[in-house]
Novice: 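Okay, handing you the structure first.
Read the numbers this way: they start at 1 and go in the same order the structure lists the ligands and their atoms. Note: hydrogens, waters and symmetry copies are ignored here, and every other heavy atom, side chains too, is used. Please read these numbers as outputs of a predicted model, since none were measured by experiment.
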Amino acid sequence: MQYFPKKLDPTAQAALLGDIRRIIGHAPLFVPTMPRSGTPMSVWMTNAGSVGWVTDKARGYRYQASHPETGAPWPAIPQRLLALWAELADYPHLPEACLINYYGGAAKMGLHQDRDEEDFAAPVLSVSLGDTAIFRVGGTTRKRPTRTLELQSGDVVVLGGSDRLAYHGIDRVLAESSSLLEEGGRFNLTLRRVTKPA
Ligand code: MD6
Ligand code: FE
């Protein structure tokens, strides 16, 4: 795991937030539901890219090329995120998906691995915008000890190499810890390579 605190300055954060707001204008946030149980997750979600990560009761976790509610293709991944990937990912191919998670009030994310991609040689790169989150990260089994890290607006985390499949999650988000989002809360953007390059 590589941690880049304050990788984006306030100007870059505001510009990226503008990109995210435009994406949401075309691909509205939706409430994802868990496989089998259909329990709603507490985050809202959307995507950019040739494919996006979605989940629902009937079909479970997967990548698909269209928005589950509008049926429209996902908007393109913003150039400034592609530039960040080129700088930090140490991987010679473009990312294909940018998952956008929005955490309001009490939203959190349980401990999980990102493992729905075909190519674990590529890292997953995440950018935080808005309120500070308590990020928990452990090893590659649930039994390994975990530690926590406060992710602030503009921070970037890269999970790659032996940490590509590390368990991680968000315990909680600290309300009113940032003024970037007028409505409060937090966006997390995760860039992923999904398919194995030819
Ligand atoms: C979050 N992040 O920060 C959740 N996944 O809201 C993730 O699930 C994540 O930060 C893969 C790599 C980095 C991450
Ligand atoms: Fe994740």
Novice: Look at the side chain of S177 and the backbone N and O of T132, then say whether any donor-acceptor pair between them is shorter than 3.5 Å.
Specialist: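 Here the side-chain-to-backbone pair exists.
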
Novice: Give the protein residues with at least one non-hydrogen atom closer than 4.0 Å to an atom of ligand 1, ordered by chain and number.
Specialist: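 If the criterion is a heavy atom under 4.0 Å, then ligand 1 touches Y103, H112, D114, V124, S126, F135, L159, H168, I170, R186, N188, T190.
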
Novice: Find out whether H93 and D119 are in side-chain contact, i.e. whether some heavy atom of one side chain is under 4.5 Å from a heavy atom of the other.
Specialist: no

Novice: Please answer whether the main-chain N or O of R62 pairs with a side-chain N or O of D116 as donor and acceptor at a distance below 3.5 Å.
Specialist: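 No; zero donor-acceptor contacts below 3.5 Å.
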
Novice: The test is side-chain contact (heavy atoms from CB on, under 4.5 Å); show your working for D114 and L159 and say whether it passes.
Specialist: CA-CA 10 Å; D114 285 27; L159 289 185; over 6 Å; no

Novice: Donor-acceptor check, side chain of H168 to backbone of G138, threshold 3.5 angstrom: yes or no?
Specialist: no

Novice: For the Fe ion (ligand 2), report each protein N, O or S atom nearer than 2.8 Å, sorted by chain and then by residue number.
Specialist: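 Per the 2.8 Å query on the Fe ion (ligand 2), atoms found are H112 NE2, D114 OD1, H168 NE2.
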
Novice: Any cation-pi pair here, R186 with Y103, using under 6.0 Å and within 45°?
Specialist: yes

Novice: Donor-acceptor pair, T39 side chain versus M34 backbone, under 3.5 Å?
Specialist: no

Novice: Under a 4.0 Å threshold between the charged nitrogen and the carboxylate oxygen, would E183 count as salt-bridged to R21?
Specialist: yes

Novice: Hey, does the side chain of D131 reach the backbone of G185 with a donor-acceptor pair shorter than 3.5 angstrom?
Specialist: yes

